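In this text, all values refer to a predicted model and were calculated from it rather than measured experimentally. Order of the sequence lines fixes the chain letters, A, B, ..., with proteins taken first and strands second; residue numbering starts at 1 for each chain.
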There are 2 protein chains.
Amino acid sequence: MPTPQGKPARASRAPRTPRDGAGPKRATVQEVAEAAGVSTATVSRVLNGNYPVAADTRRRVEQAVRTLGYVVNAQARALAGSRTRTVGIIVEDIIDPFFGFIARGVQRQAAEDGKLCLVCSTYGVAGGELDLIDSLREQRADAVIVVGGGVEDPAYRRKLADRAHALNQDGSWLVLCGRPPLAADVPAGVVDYDNTGGAHAITDYLLGQGHRRILYIGGLDQMSVHRARVAGFRRAYASRGLEVDERLIQPGPFSRRLGYERTAQLLRDGSAGQFAAVFGANDGVAVGAMQALREAGLRIPQDVSVVGYDDIPLAAEVTPALTTVHLPLEQMGREAVRLAVALRGESDGPTDTRHVGTHVVIRDSTAPAPAS
Amino acid sequence: MPTPQGKPARASRAPRTPRDGAGPKRATVQEVAEAAGVSTATVSRVLNGNYPVAADTRRRVEQAVRTLGYVVNAQARALAGSRTRTVGIIVEDIIDPFFGFIARGVQRQAAEDGKLCLVCSTYGVAGGELDLIDSLREQRADAVIVVGGGVEDPAYRRKLADRAHALNQDGSWLVLCGRPPLAADVPAGVVDYDNTGGAHAITDYLLGQGHRRILYIGGLDQMSVHRARVAGFRRAYASRGLEVDERLIQPGPFSRRLGYERTAQLLRDGSAGQFAAVFGANDGVAVGAMQALREAGLRIPQDVSVVGYDDIPLAAEVTPALTTVHLPLEQMGREAVRLAVALRGESDGPTDTRHVGTHVVIRDSTAPAPAS
DNA sequence: ATCACATCAGTAAGCGATTACCGGCCAGAA
DNA sequence: TTCTGGCCGGTAATCGCTTACTGATGTGAT
């Protein structure tokens, strides 16, 4: 009778058979080792090339690998080692060129570093980032890059900071891309550009052209990016001793539609008074505004000048080509990965911030105001 | 002396210390089990909810999980279980809306199924897909979705077929999206649309409008998508008993630039004779052509009608809005994931193909030919 | 000939889950 | 009261790889 007394059973058992339907399982280091007549340690060393192995032995192992069609199991490797060679990136929507280019940069740099990219999208769901970070933490991504936007809500920022600490304890890092730092004591990398400066520069350019009444469209009040751009807009006026007409600041979600509708509406009901130029908070908004202006019979730039922000390809393709602030989006993505890689190893350092440069690109959608 | 004779050492050793710098490691099932006073098996059961656990026990475990801030280790889970809850997708370039929308569909469906998405890009590198599939095989992605294009080279197709078999042996599946099947005996799912039919439909529409000389621009000869579209183009002529002027078929890489330059050139040197309409192999090509036509002083659609293919948002946004063939891109991405999920489990079945419908969307870039 | 070093290989202890089996307990049946 | 199940929970074997230690060998120095 199979009834051991006292301590529970401990005798040998029928071997488990986990894989049921699968055919011939794929080769393991074990099998490669046998085929090459060496130990698994040696196989691993040949595979990773991080330990001296005699040329002849190496050859035998490589031969066995080829013969068996061996492919390493990344999960097992990650479990035994301490990295997954994976980076996670969280964007709002991959279709939006702003996020798309950054994601592309992240991906390219990751590929060059031999890493794979886990791409996640929030589709604008509030707090979506939080859950996605948790998922990426489960996956033990070597780094998690969160792109764009950034809500200013303190409670939310605290939750994000908690995630940053958690990731840091796991030995990986949170990197904010296109978003200001959370706080000085939060372990997170930051790759950002100077929104205030960019908005200031392009606004100043318009003011320099003689325009005084500039309509600013777009950006949600709780977004840090928006706040910074509006701040730059105001500062440009202030530094010339001019006043901003508050009615000309029209927030809203970044979108082409917003640019179109808001412009058309203001043109129609005149509730904000006249305006000689439009500053779209991003290129999409600006293009939408251009369409509304054109439909209203206004010429660009003769009657109204228009500028955007970001410099996505669309800006150069529309007619007239859009004057805008150039952002090195792809470069930022790459930088984010590099920063994450550099940070790895350093445990629990403070926030490390890198700024990328921006500049105004003057095209055909702007012209000097007619002499009054 | 620690010098056992005969057989190599086998006595106890100083415990290894793999994690060097890292601070307090993150909690494991082991620790949760101890905290809750149960076994790891029970913890796992509570976590996965796939085995009955007494309500009280469950509560204790959940409490422990919360207290310790436990997060499951996906790698360990994947190693012990047999799935990674991950799908890989290979596109040419995420910035291209064609790929972008499909990727978005894949991602959304994957997210709904509780999976994460590994996004890889080839950037047009020949054979890039092959290496990427290998990487995804290392990662043991539950499914690998390859999007678009598709080279007709037999040797290449054979290599792809090998990968499909390998993936299938691993217990996962290769799914081709927007590309025809490889061969009947290759275990791969396919989600495709009817290129020939779509091209036929829109060409027929133009012919029905009275246009006879239609310039077809775009598509590389070795791409299956291109071949199918051209086939539809020819068939439309054939079914009306008309002849195609071969000089009007102008292949080239799908791009806005191609549409622009090729059109401008033909307009200039007249080497292909006159044409009354332009069929861009995709919307980008068509938009490029529109620009060239406009710069040549031709009116659209009064002087020349223009049509595209894919129906990316750009098609509806340009002026005049582009008549094109609508492809349910995002839907296709979703379908690809669903197919992969459905396929999983079935071992080594034959190719399973699903077709999605397409239809012509008539906008403002086309008009009847003037009565001659 | 002896010894201190390099060099290269092997042993086996984890990494952190999942899950096949086994068995304790308790209620209702006989 | 003794059995027969149904519920639950524990034990421990794996999954496939990396790597700290230990050992065996060959070499030049002494």
Side-chain angles (χ1 to χ4, degrees), chain A residues 1-20 25-33 36-48 50-58 60-61 70-84 138 140, chain B residues 1-20 25-33 36-48 50-58 60-61 70-84 138 140:
Chain A
M1 288 305 207
T3 315
Q5 71 291 42
K7 280 297 181 72
R10 136 177 326 263
S12 65
R13 289 228 180 99
R16 221 180 96 197
T17 317
R19 308 222 171 293
D20 25 46
K25 277 181 28 248
R26 76 191 207 189
T28 67
V29 271
Q30 184 68 51
E31 298 171 52
V32 172
V38 299
S39 72
T40 60
T42 301
V43 174
S44 171
R45 285 163 187 154
V46 170
L47 255 31
N48 296 292
N50 53 2
Y51 193 88
V53 172
D56 178 57
T57 309
R58 175 192 311 285
R60 289 212 318 282
V61 172
Y70 171 78
V71 176
V72 58
N73 177 320
Q75 269 70 42
R77 168 181 277 175
L79 186 57
S82 43
R83 343 189 311 238
T84 56
E138 281 188 6
R140 297 200 320 160
Chain B
M1 288 305 206
T3 316
Q5 73 289 43
K7 282 296 180 75
R10 144 179 318 268
S12 65
R13 287 223 183 106
R16 221 179 97 197
T17 316
R19 307 220 173 292
D20 25 47
K25 276 180 30 247
R26 75 191 208 188
T28 68
V29 269
Q30 185 66 53
E31 299 172 51
V32 173
V38 299
S39 73
T40 61
T42 302
V43 174
S44 172
R45 285 164 186 153
V46 170
L47 255 30
N48 295 292
N50 52 3
Y51 193 87
V53 171
D56 179 57
T57 309
R58 175 191 312 285
R60 288 211 320 281
V61 172
Y70 171 78
V71 176
V72 58
N73 178 320
Q75 269 70 41
R77 167 181 278 174
L79 186 57
S82 44
R83 345 188 312 238
T84 56
E138 282 188 4
R140 299 200 317 161

Using a heavy-atom cut-off of under 4.0 Å over every strand shown, decide if A/Val43 touches base, sugar-phosphate, or nothing.
nothing
Across the strands shown, which category fits A/Asn50 at heavy-atom distances under 4.0 angstrom: base, sugar-phosphate, nothing?
sugar-phosphate
Would you indicate what B/Ser44 reaches in the nucleic acid, counting non-hydrogen atoms under 4.0 angstrom: base, sugar-phosphate, or nothing?
base
Note: for A/Asn48 and A/Tyr51 on DNA chain D, the residue whose nearest nucleotide lies more 5' is A/Asn48
Have a look at B/Ala54 and say if it touches a base, only the backbone sugar-phosphate, or nothing, with a 4.0 Å heavy-atom cut-off.
sugar-phosphate
B/Ala80 side chain: which of D/dG10, C/dG10, C/dA17 is closest?
C/dA17
Restricting to non-hydrogen atoms, name the atom on B/Arg26 and the atom on A/Arg140 that form the minimum distance, rounded to 0.1 Å.
NH2-CG, 3.5 Å
In this structure, CZ of B/Arg77 is separated from OG of B/Ser82 (nearest 0.5 Å) by 12.0 Å
Between B/Thr28 and C/dG16, is there a contact of a side-chain N or O with OP1 or OP2 at under 4.0 Å?
no
From C/dG16, C/dT18, C/dA9, nucleotide with atom closest to B/Ala76 side chain:
C/dG16
Take the protein atom CZ of A/Arg60 and the nucleotide atom C1' of C/dC8, then report the distance between them rounded to whole Å.
12 Å
What integer distance in Å separates B/Gln75:CD from D/dC15:P?
19 Å
Minimum heavy-atom separation for A/Ala78 and A/Thr84, please, with both atom names.
CB-CG2, 3.8 Å
For A/Gln30 and C/dA12, what is the distance between atoms CD and P respectively, to the nearest whole Å?
13 Å
From the set C/dG10, D/dC17, D/dG10, return the single nucleotide nearest to any side-chain atom of A/Arg45.
C/dG10
Separation of D/dT18 P from B/Leu79 CG (nearest whole Å)
12 Å
Roughly, in whole Å, what's the span from CZ in A/Arg26 to P in D/dC15?
14 Å
Do A/Ser44 and A/Leu47 come close enough that some side-chain heavy atom pair is under 4.5 Å?
no
Just the rounded figure in Å: distance from C1' of C/dG16 to CG of A/Asn73.
14 Å
To the nearest Å, how far apart are B/Leu47 CG and C/dT18 C1'?
11 Å
So if I apply the side-chain contact (heavy atoms from CB on, under 4.5 Å) rule between A/Val32 and each of A/Thr42, A/Val43, A/Val46, which one comes out positive?
A/Val43
Go through D/dA12, D/dG10, D/dC17 for me and flag the one nearest to the B/Thr40 side chain.
D/dA12
Looking only at non-hydrogen atoms, find the nearest pair between B/Thr40 and B/Ala33 and report the distance.
N-CB, 3.8 Å
Would one find a side-chain N or O of A/Thr42 under 4.0 angstrom from OP1 or OP2 of C/dG10?
yes
Could you tell me which residues satisfy salt bridge (charged side-chain N to carboxylate O under 4.0 Å, His left out) with B/Arg83, sequence neighbours excluded, listed by chain and number?
none
With axes from five pairs an end, tell me the bend angle of the helix from C/dA1-D/dT30 to C/dA30-D/dT1, nearest 10°.
50°
Under a 4.5 Å cut-off applied to non-hydrogen side-chain atoms, are A/Val38 and A/Arg45 in contact?
no
